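Below: one structure, written as C-alpha coordinates.
Since this is a predicted model, take the numbers as computed values, not measurements.
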Amino acid sequence: AAGVIQSPRHLIKEKRETATLKCYPIPRHDTVYWYQQGPGQDPQFLISFYEKMQSDKGSIPDRFSAQQFSDYHSELNMSSLELGDSALYFCASNWAAGGSSYNEQFFGPGTRLTVL
Amino acid sequence: AQSVTQPDIHITVSEGASLELRCNYSYGATPYLFWYVQSPGQGLQLLLKYFSGDTLVQGIKGFEAEFKRSQSSFNLRKPSVHWSDAAEYFCAVGEGAGGYNKLIFGAGTRLAVHP
(Lines give C-alpha, C1' and ligand atoms only; values in the text may rest on other atoms or scores of the structure.)
Protein backbone atom coordinates (compact mmCIF):
# COMPACT_ATOMS: atom_id res chain seq x y z
CA ALA A 1 0.00 0.00 0.00
CA ALA A 2 1.14 3.52 -0.76
CA GLY A 3 2.50 5.50 2.16
CA VAL A 4 3.29 9.13 2.85
CA ILE A 5 6.51 10.14 1.11
CA GLN A 6 8.81 12.82 2.39
CA SER A 7 11.85 14.24 0.72
CA PRO A 8 14.62 14.68 1.35
CA ARG A 9 15.11 12.24 4.21
CA HIS A 10 18.13 14.11 5.51
CA LEU A 11 19.12 17.72 5.02
CA ILE A 12 22.09 19.67 6.32
CA LYS A 13 22.06 23.47 6.13
CA GLU A 14 24.03 26.37 7.50
CA LYS A 15 22.54 29.07 9.71
CA ARG A 16 20.61 31.71 7.80
CA GLU A 17 20.12 29.42 4.81
CA THR A 18 16.76 28.29 3.48
CA ALA A 19 15.30 24.79 3.26
CA THR A 20 12.33 23.25 1.49
CA LEU A 21 10.77 20.03 2.71
CA LYS A 22 8.34 18.12 0.55
CA CYS A 23 5.48 15.82 1.45
CA TYR A 24 3.46 13.56 -0.83
CA PRO A 25 0.32 12.30 0.93
CA ILE A 26 -1.34 8.98 0.40
CA PRO A 27 -3.46 9.07 -2.79
CA ARG A 28 -7.01 10.39 -2.19
CA HIS A 29 -6.06 11.90 1.16
CA ASP A 30 -7.23 15.50 1.30
CA THR A 31 -5.46 16.76 4.43
CA VAL A 32 -1.80 17.22 5.23
CA TYR A 33 -0.37 17.95 8.65
CA TRP A 34 3.18 19.06 9.50
CA TYR A 35 4.83 18.33 12.84
CA GLN A 36 8.23 19.23 14.27
CA GLN A 37 10.02 16.93 16.71
CA GLY A 38 13.07 18.38 18.40
CA PRO A 39 15.72 16.12 19.94
CA GLY A 40 14.19 14.18 22.81
CA GLN A 41 10.91 16.03 22.41
CA ASP A 42 7.39 15.07 21.46
CA PRO A 43 6.09 16.07 18.02
CA GLN A 44 4.59 19.55 17.89
CA PHE A 45 1.92 20.53 15.38
CA LEU A 46 3.01 23.23 12.96
CA ILE A 47 0.37 23.66 10.27
CA SER A 48 -2.23 21.77 8.26
CA PHE A 49 -3.95 22.01 4.89
CA TYR A 50 -7.33 20.73 3.80
CA GLU A 51 -8.15 20.73 0.12
CA LYS A 52 -5.24 23.06 -0.61
CA MET A 53 -6.32 25.66 1.93
CA GLN A 54 -4.60 26.27 5.24
CA SER A 55 -6.90 24.76 7.84
CA ASP A 56 -5.03 25.26 11.09
CA LYS A 57 -1.86 26.77 12.43
CA GLY A 58 0.16 25.83 15.47
CA SER A 59 3.48 26.94 16.81
CA ILE A 60 5.02 27.68 13.45
CA PRO A 61 7.61 30.49 13.31
CA ASP A 62 6.99 33.38 10.95
CA ARG A 63 10.16 32.34 9.12
CA PHE A 64 8.34 29.20 7.98
CA SER A 65 5.66 29.02 5.34
CA ALA A 66 3.86 26.16 3.71
CA GLN A 67 1.40 25.39 1.00
CA GLN A 68 -0.48 22.54 -0.56
CA PHE A 69 -0.52 22.22 -4.31
CA SER A 70 -3.16 21.08 -6.80
CA ASP A 71 -1.81 17.51 -6.70
CA TYR A 72 -2.14 17.64 -2.87
CA HIS A 73 1.56 17.48 -2.18
CA SER A 74 2.77 20.01 0.35
CA GLU A 75 5.97 21.95 0.85
CA LEU A 76 7.32 23.48 4.04
CA ASN A 77 9.63 26.40 3.36
CA MET A 78 12.00 27.47 6.08
CA SER A 79 14.08 30.64 5.83
CA SER A 80 16.79 32.24 7.97
CA LEU A 81 17.48 28.87 9.55
CA GLU A 82 18.55 28.82 13.18
CA LEU A 83 20.35 26.13 15.17
CA GLY A 84 17.11 25.50 17.04
CA ASP A 85 15.38 24.48 13.83
CA SER A 86 17.35 21.22 13.85
CA ALA A 87 14.67 18.59 14.25
CA LEU A 88 12.78 15.76 12.66
CA TYR A 89 9.94 17.12 10.53
CA PHE A 90 7.01 14.81 10.00
CA CYS A 91 4.28 15.05 7.48
CA ALA A 92 1.03 13.14 7.99
CA SER A 93 -2.06 12.78 5.87
CA ASN A 94 -5.61 11.58 6.21
CA TRP A 95 -8.98 11.70 4.50
CA ALA A 96 -10.72 14.32 6.64
CA ALA A 97 -13.79 14.53 4.41
CA GLY A 98 -14.52 10.92 5.21
CA GLY A 99 -15.56 11.86 8.73
CA SER A 100 -14.48 10.63 12.11
CA SER A 101 -14.06 7.04 11.00
CA TYR A 102 -11.19 8.11 8.80
CA ASN A 103 -9.33 10.34 11.19
CA GLU A 104 -6.27 8.14 11.46
CA GLN A 105 -3.25 10.09 10.34
CA PHE A 106 -0.59 8.22 8.46
CA PHE A 107 2.88 9.55 9.08
CA GLY A 108 5.76 9.78 6.68
CA PRO A 109 9.27 8.71 7.73
CA GLY A 110 10.27 12.29 8.43
CA THR A 111 12.96 14.65 7.21
CA ARG A 112 15.86 15.11 9.57
CA LEU A 113 17.08 18.70 9.30
CA THR A 114 20.43 19.60 10.78
CA VAL A 115 21.40 23.26 10.96
CA LEU A 116 25.10 23.92 11.50
CA ALA B 1 -6.58 23.81 25.05
CA GLN B 2 -6.20 20.10 25.21
CA SER B 3 -3.24 18.48 26.84
CA VAL B 4 -1.82 15.01 27.31
CA THR B 5 0.24 13.84 30.25
CA GLN B 6 2.41 10.77 30.29
CA PRO B 7 3.69 10.59 33.87
CA ASP B 8 6.41 8.05 33.21
CA ILE B 9 9.37 9.32 31.20
CA HIS B 10 11.24 6.03 31.28
CA ILE B 11 10.10 2.49 32.11
CA THR B 12 12.16 -0.68 32.21
CA VAL B 13 10.60 -4.13 32.20
CA SER B 14 11.87 -7.66 31.79
CA GLU B 15 11.04 -9.59 28.67
CA GLY B 16 7.85 -11.56 29.21
CA ALA B 17 6.58 -9.23 31.92
CA SER B 18 3.36 -7.28 31.61
CA LEU B 19 3.37 -3.62 30.71
CA GLU B 20 1.15 -0.63 31.39
CA LEU B 21 1.93 2.85 30.11
CA ARG B 22 -0.10 5.65 31.58
CA CYS B 23 -1.77 8.47 29.72
CA ASN B 24 -4.06 11.20 31.03
CA TYR B 25 -5.74 13.84 28.91
CA SER B 26 -7.68 16.99 29.43
CA TYR B 27 -10.54 17.64 27.03
CA GLY B 28 -14.12 18.75 27.50
CA ALA B 29 -15.88 16.39 25.12
CA THR B 30 -15.29 12.80 24.11
CA PRO B 31 -11.76 12.80 22.80
CA TYR B 32 -10.16 11.02 19.91
CA LEU B 33 -7.24 9.17 21.53
CA PHE B 34 -4.25 7.50 19.96
CA TRP B 35 -1.13 5.59 20.89
CA TYR B 36 1.88 5.77 18.58
CA VAL B 37 5.21 3.97 18.79
CA GLN B 38 8.50 5.34 17.51
CA SER B 39 11.75 3.41 17.20
CA PRO B 40 14.96 5.47 17.33
CA GLY B 41 15.31 7.69 14.27
CA GLN B 42 12.14 6.31 12.78
CA GLY B 43 8.67 7.56 12.02
CA LEU B 44 5.50 7.19 14.05
CA GLN B 45 3.44 4.04 13.83
CA LEU B 46 -0.14 3.92 15.05
CA LEU B 47 -0.73 1.19 17.62
CA LEU B 48 -4.41 1.83 18.27
CA LYS B 49 -7.05 4.52 18.47
CA TYR B 50 -10.31 5.27 20.26
CA PHE B 51 -13.06 7.63 19.23
CA SER B 52 -16.29 5.93 20.34
CA GLY B 53 -17.87 2.62 21.27
CA ASP B 54 -16.19 -0.12 23.23
CA THR B 55 -13.83 1.43 25.75
CA LEU B 56 -11.34 -1.42 25.43
CA VAL B 57 -9.58 -1.22 22.09
CA GLN B 58 -7.25 -3.72 20.55
CA GLY B 59 -4.29 -2.69 18.51
CA ILE B 60 -1.41 -4.13 16.62
CA LYS B 61 1.51 -6.08 18.10
CA GLY B 62 -0.66 -7.40 20.95
CA PHE B 63 -1.31 -4.01 22.54
CA GLU B 64 -4.61 -2.87 23.99
CA ALA B 65 -5.80 0.30 25.69
CA GLU B 66 -8.74 1.17 27.88
CA PHE B 67 -10.55 4.49 27.81
CA LYS B 68 -11.79 5.55 31.25
CA ARG B 69 -13.76 8.75 31.09
CA SER B 70 -14.05 9.06 34.88
CA GLN B 71 -10.27 9.06 35.19
CA SER B 72 -9.52 10.91 31.93
CA SER B 73 -7.14 8.09 31.13
CA PHE B 74 -6.21 5.97 28.16
CA ASN B 75 -3.58 3.54 29.43
CA LEU B 76 -1.74 1.21 27.09
CA ARG B 77 -1.21 -2.41 28.11
CA LYS B 78 0.49 -5.53 26.88
CA PRO B 79 0.39 -8.85 28.76
CA SER B 80 3.85 -10.04 27.74
CA VAL B 81 6.55 -7.71 26.47
CA HIS B 82 9.02 -8.72 23.76
CA TRP B 83 12.51 -7.29 23.37
CA SER B 84 11.39 -5.74 20.07
CA ASP B 85 8.89 -3.57 21.96
CA ALA B 86 11.69 -1.34 23.21
CA ALA B 87 10.87 2.08 21.75
CA GLU B 88 9.32 5.46 22.56
CA TYR B 89 5.57 5.48 23.06
CA PHE B 90 3.45 8.56 22.54
CA CYS B 91 -0.11 9.08 23.63
CA ALA B 92 -1.98 11.69 21.61
CA VAL B 93 -5.36 13.38 21.57
CA GLY B 94 -6.98 14.61 18.38
CA GLU B 95 -8.17 18.18 18.42
CA GLY B 96 -10.65 18.99 15.72
CA ALA B 97 -13.93 17.80 14.30
CA GLY B 98 -15.02 14.97 12.10
CA GLY B 99 -12.17 13.57 10.11
CA TYR B 100 -9.88 16.53 10.76
CA ASN B 101 -7.76 16.16 13.85
CA LYS B 102 -4.44 17.74 14.59
CA LEU B 103 -2.66 15.68 17.19
CA ILE B 104 -1.54 16.90 20.58
CA PHE B 105 1.15 14.55 21.87
CA GLY B 106 2.28 13.69 25.34
CA ALA B 107 5.95 13.89 26.21
CA GLY B 108 6.43 10.20 25.54
CA THR B 109 7.51 7.18 27.57
CA ARG B 110 10.72 5.43 26.66
CA LEU B 111 10.46 1.69 27.18
CA ALA B 112 13.53 -0.43 27.79
CA VAL B 113 13.26 -4.22 27.85
CA HIS B 114 15.70 -6.38 29.79
CA PRO B 115 16.39 -9.87 28.42
Side-chain angles (χ1 to χ4, degrees), chain A residues 1 3-6 9-10 23 25-26 28-51 53-60 87-114, chain B residues 1-10 21 23-25 27 29-54 57-60 65 87-110:
Chain A
V4 177
I5 298 171
Q6 290 188 248
R9 293 292 308 277
H10 301 273
C23 169
I26 291 172
R28 292 184 292 281
H29 280 191
D30 54 17
T31 304
V32 167
Y33 309 78
W34 284 97
Y35 296 86
Q36 176 192 57
Q37 185 179 28
Q41 304 295 313
D42 56 292
Q44 296 287 318
F45 171 75
L46 290 178
I47 195 167
S48 63
F49 293 86
Y50 169 68
E51 284 291 341
M53 298 285 289
Q54 180 181 309
S55 54
D56 203 351
K57 198 171 181 180
S59 50
I60 183 170
L88 193 54
Y89 290 83
F90 287 110
C91 170
S93 73
N94 77 340
W95 183 35
S100 60
S101 297
Y102 298 90
N103 60 5
E104 176 184 346
Q105 293 182 28
F106 292 83
F107 281 80
T111 293
R112 183 168 297 282
L113 172 66
T114 303
Chain B
Q2 300 188 64
S3 65
V4 178
T5 302
Q6 294 181 247
D8 305 305
I9 297 173
H10 197 146
L21 302 182
C23 172
N24 293 94
Y25 65 89
Y27 186 52
T30 300
Y32 294 150
L33 294 162
F34 306 83
W35 274 100
Y36 284 86
V37 61
Q38 183 180 35
S39 297
Q42 301 299 308
L44 293 158
Q45 182 181 24
L46 180 69
L47 287 175
L48 44 78
K49 65 178 180 178
Y50 170 81
F51 53 88
S52 68
D54 194 347
V57 293
Q58 302 296 320
I60 62 171
E88 185 97 27
Y89 291 80
F90 291 99
C91 180
V93 62
E95 184 174 284
Y100 173 82
N101 276 275
K102 69 182 182 188
L103 296 176
I104 310 299
F105 288 87
T109 297
R110 182 167 297 277

### Task
Assess whether side chain to side chain contact (heavy atoms under 4.5 Å, CB included) is satisfied between A:Trp34 and B:Lys102, documenting all intermediate values.
CA-CA 9 Å; A:Trp34 284 97; B:Lys102 69 182 182 188; over 6 Å; no
### Message
Looking at B:Ile9, I'd like to know if its CD1 atom is crowded, meaning that more than 12 non-hydrogen atoms belonging to other residues, nucleotides or ligands lie closer than 6.0 Å.
### Response
no
### Query
Where does B:Gln45 contact chain A at under 4.5 Å (heavy atoms): side chain, backbone, both or neither?
neither
### Summary
So, the part of A:Pro109 with a heavy atom under 4.5 Å from chain B: the answer is backbone
### Task
Quick one: which of A:Pro43, A:Gly40, A:Ala92, A:Ser48 has the most heavy-atom pairs under 4.5 Å with chain B, could you say?
A:Pro43
### Query
Can you say whether A:Tyr35 sits under 4.5 Å from chain B via the side chain, the backbone, both, or neither, judging by heavy atoms?
side chain
### Query
Do A:Tyr33 side-chain atoms and B:Leu103 backbone N/O form a donor-acceptor pair below 3.5 Å?
no
### Message
If you take the centroid of each ring, where Trp contributes its six-membered ring, are B:Phe105 and A:Phe45 closer together than 6.0 Å?
### Response
no
### Summary
Of the listed A:Gln44, A:Gln37, A:Gln41, A:Arg112, the one with the largest count of heavy-atom pairs under 4.5 Å with chain B is A:Gln37
### Query
Side chain, backbone, both or neither: which part of A:Phe90 has a non-hydrogen atom closer than 4.5 Å to chain B?
side chain
#### Entry: When B:Gln38, B:Glu88, B:Gln42 are compared by non-hydrogen pairs under 4.5 Å with chain A, the top option
B:Gln38
### Query
Any idea which of B:Gly94, B:Gly108, B:Gly106 has the most non-hydrogen atom pairs under 4.5 angstrom with chain A?
B:Gly106
### Query
Can you check whether A:Asp42 reaches B:Phe90 side chain to side chain, under 4.5 Å on heavy atoms?
yes
### Query
Under 4.5 Å between any side-chain heavy atoms of B:Tyr32 and A:Glu104, yes or no?
no
### Query
Can you say whether B:Leu46 sits under 4.5 Å from chain A via the side chain, the backbone, both, or neither, judging by heavy atoms?
side chain
